[in-house]
Q: 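Okay, handing you the structure first.
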Amino acid sequence: MRSRAAIVREVGGAWSVEEFELDPPRAGEVLIQMAAAGLCHSDDHIRNGFMSPPGAPKTRPPTIGGHEGSGVVVEVGPGVSGLAAGDHVVTSFVAVCGHCRWCASGMEYLCDKGAGVLIPGMPTDGTFRHHTLDGHDVGHTSKIGAFAEHTVVAADSLVKIDPDIPLVPAALLACAIPTGYGSSAHRGNVRGGDTVVVVGAGGIGTAAIQGARINGATTIVAVDPRESKRKSARDFGATHTAASAGEAVDLVRDLTCGVMADCVVVAPSDITGDDVRDALALTRKGGTCVLTGMAPAGGLIVHLDVQDLVLMNKNLCGTVFGSCNPRAEIPLLASMYTAGQLRLDEMITRRYRLDDINTAFDDLLAGELVRGVIDFGIA
């Protein structure tokens with residue numbers, strides 16, 4: 001069949017919205033019609049080679065962007081169980097095989113199959129289902145390719161949701177919400193009465209603020225240089241705001257009588273060494289500093305006060321997908337949205353058509369969005 005998608009053809013190039021050929025799903029695969037796709041800085045990082053290791057080739061095969069999405073199942077391939085035509089689904093850029101050591105240990109977010117998301121080709125057999133009209137293979141970001149009207153993905157990369165949940169806000173359950181929420185709730189282990197600092201109040205940071213609020217934090221400080229995002233953060237549960245980490249240090253010291261924050265979530269679009277240093281300065285004795293944003297591949301110079309880290313018993317850790325298990329927690333987060341605990345609609349700053357994707361990314365990179373969404377108009 002033919003469909004349309006936003007494709008990037010060279011590192012750093014603009015998105016090209018064009019038709020492509022899509023093969024039917026094979027064993028273990030599913031054809032879906034996309035309803036919505038969220039705009040994430042990770043898509044821009046992949047487009048620009050930000051996440052490629054040093055020395056990696058600057059050329060790439062044509063690639064469909066997008067990993068955060070929701071849609072409707074059109075067809076399932078042989079051997080797929082638990083999904084059928086008409087089902088509503090959310091994509092998961094962390095595929096879940098259910099059998100590896102990590103899945104069996106309750107850590108689906110570290111699934112061995114999910115670890116290969118940046119390798120081109122289908123995770124089922126390494127071949128391609130997406131092709132240019134002249135027959136060249138087309139990659140699909142994170143094995144998803146959410147910036148397409150239709151895409152074929154592995155069943156392991158899909159989570160079924162209740163059909164009563166609106167599909168456009170549901171797209172945020174594919175990345176921003178679990179990554180941010182889990183950074184607070186799981187990796188940061190936020191509990192009632194805690195003081196939490198969230199650095200970066202975009203989509204993931206806003207979800208981290210909500211995770212802190214829902215799990216009982218009484219003081220939540222949102223740090224962002226943009227006034228509009230500081231204002232927005234208060235709507236989602238931030239009790240205080242600061243324009244920089246340096247400004248936040250004095251504020252948090254005053255709020256906690258010198259104790260500092262129980263949890264600091266670092267969620268800018270890309271993490272620098274200074275961000276890590278500043279976040280640890282905000283973290284109390286025995287507290288946890290969670291690195292949630294991305295950093296360039298390769299080495300990153302970080303100047304740490306190692307004595308402070310050791311003697312103050314601080315925890316510095318990373319997280320992928322907010323340490324959430326997709327199959328269990330995407331439906332759980334969806335139920336929290338239905339119950340009114342988790343706010344998704346309000347996070348969507350702007351909706352765009354697929355043809356406007358370059359404008360959408362200009363807005364994202366200008367800092368104008370909490371979350372932007374490509375709305376395919378089927379829901």
Side-chain angles (χ1 to χ4, degrees), residues 1-26 29-40 42-44 46-48 60-77 85-91 93 117 120-122 127-154 157-158 166-172 174-175 348 350-365 369 371-379:
M1 66 176 289
R2 285 194 179 186
S3 191
R4 296 171 70 245
I7 297 173
V8 61
R9 291 181 170 272
E10 59 184 25
V11 174
W15 299 103
S16 171
V17 178
E18 55 190 84
E19 286 192 322
F20 70 99
E21 291 284 351
L22 183 61
D23 297 337
R26 298 184 188 177
E29 299 171 1
V30 179
L31 167 65
I32 58 175
Q33 182 177 9
M34 296 302 301
L39 304 173
C40 182
S42 295
D43 295 304
D44 190 67
I46 293 170
R47 176 177 68 145
N48 287 306
R60 64 184 303 164
T63 303
I64 298 171
H67 64 281
E68 178 180 277
S70 59
V72 178
V73 173
V74 176
E75 180 184 351
V76 300
D87 284 345
H88 289 194
V89 292
V90 166
T91 61
F93 71 87
V117 295
M122 295 295 296
T127 62
F128 293 80
R129 304 293 170 268
H130 308 70
H131 314 279
T132 62
L133 296 186
D134 57 2
H136 293 288
D137 292 334
V138 177
H140 57 324
T141 296
S142 300
K143 314 291 189 181
I144 303 294
F147 296 162
E149 293 174 349
H150 300 82
T151 188
V152 169
V153 302
S157 296
L158 295 173
L167 281 168
V168 174
L172 275 61
C175 174
I348 300 174
R350 202 166 300 158
R351 300 188 186 197
Y352 302 86
R353 297 180 303 117
L354 179 62
D355 291 307
D356 297 326
I357 191 165
N358 284 298
T359 299
F361 270 90
D362 287 344
D363 292 345
L364 174 68
L365 297 176
L369 307 176
R371 209 55 162 185
V373 171
I374 301 296
D375 184 347
F376 291 92
I378 73 166

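This is a predicted model, so every value here is computed, not measured. Keep in mind that the numbers below use all heavy atoms, side chains included, and drop hydrogens, waters and symmetry copies.
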Q: Which atom names give the shortest non-hydrogen contact between His140 and Gly121, and what distance separates them?
A: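 In terms of heavy atoms, the two residues are closest at CE1-O, 4.0 Å.
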
Q: Which heavy-atom pair separates Asn358 from Ala14 by the least distance, and what is that distance?
A: OD1-CB, 3.7 Å

Q: CZ/Phe147 to CG/Leu39 distance, rounded to the nearest 0.5 angstrom?
A: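 Nearest 0.5 Å value for the CZ-CG distance: 5.0 Å.
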
Q: Take Asp43 and Phe361 through the test side chain to side chain contact (heavy atoms under 4.5 Å, CB included) and record every step on the way to the result.
A: CA-CA 10 Å; Asp43 295 304; Phe361 270 90; 3.9 Å; yes

Q: Start with the C-alpha gap between His136 and His131, add the side-chain angles, then the distance that decides, and say whether side chain to side chain contact (heavy atoms under 4.5 Å, CB included) holds.
A: CA-CA 5 Å; His136 293 288; His131 314 279; over 6 Å; no

Q: Could you walk me through whether Phe376 and Gln33 pass the side chain to side chain contact (heavy atoms under 4.5 Å, CB included) test, one step at a time?
A: CA-CA 9 Å; Phe376 291 92; Gln33 182 177 9; over 6 Å; no

Q: Can you tell me how far CD1 of Ile64 sits from CH2 of Trp15, rounded to the nearest 0.5 angstrom?
A: 10.0 Å

Q: What's the shortest heavy-atom distance between Gly69 and Ala174, and which atoms?
A: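 Gly69 and Ala174 have their closest heavy atoms at N-CB, 3.5 Å.
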
Q: Does any part of the side chain of Cys175, heavy atoms only, come nearer than 4.5 Å to the side chain of Arg371, both counted from C-beta?
A: yes

Q: So which atom in Phe128 and which in Asp23 form the shortest heavy-atom distance, rounded to 0.1 Å?
A: O-OD2, 3.6 Å

Q: Could you go through the side chain to side chain contact (heavy atoms under 4.5 Å, CB included) check for Thr132 and Arg9 one step at a time?
A: CA-CA 11 Å; Thr132 62; Arg9 291 181 170 272; 3.7 Å; yes

Q: In Å, rounded to the nearest 0.5 Å, how long is the span from CG of Leu158 to NE2 of His88?
A: 13.0 Å

Q: May I ask you to test the Met1-Pro24 pair for a side-chain heavy-atom distance under 4.5 Å?
A: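 Counting from C-beta outward, Met1 and Pro24 never come under 4.5 Å.
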
Q: Quick one: are Arg26 and Thr127 in side-chain contact, heavy atoms under 4.5 Å?
A: yes

Q: When rounded to the nearest 0.5 angstrom, what is the spacing between CD1 in Ile144 and CE in Met34?
A: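 The CD1 atom of Ile144 sits 8.0 Å away from the CE atom of Met34.
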
Q: Measure the spacing between CD of Glu149 and CD1 of Ile32 and express it to the nearest 0.5 Å.
A: 13.0 Å

Q: Is a side-chain N or O of Thr91 found less than 3.5 angstrom from the main chain of Ser70, in a donor-acceptor match?
A: no

Q: With a 4.5 Å limit on heavy-atom distance, are the side chains of Pro25 and Val30 in contact?
A: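 No - every pair of side-chain heavy atoms lies 4.5 Å or more apart.
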
Q: Quick one: closest heavy-atom pair of Ala171 and Ala37, and the distance?
A: CB-N, 4.5 Å

Q: Can a side-chain donor-acceptor contact be found between Thr151 and His130 if the only test is distance below 3.5 angstrom?
A: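 On atom types as modelled, these side chains qualify, holding a pair under 3.5 Å.
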
Q: Is a donor from one side chain sitting under 3.5 angstrom from an acceptor on the other, for Ser142 and His67?
A: no

Q: Salt-bridged, Arg4 to Glu18, with N to O below 4.0 Å?
A: no

Q: Within the 4.5 Å heavy-atom criterion, are Ile348 and Leu172 side-chain neighbours or not?
A: yes

Q: Between Leu167 and Gly71, what is the shortest heavy-atom contact and its length?
A: CD2-O, 3.8 Å

Q: Nearest 0.5 angstrom please: Arg129 CZ to Glu21 CD, how far?
A: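 Output value for this atom pair is 14.5 Å.
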
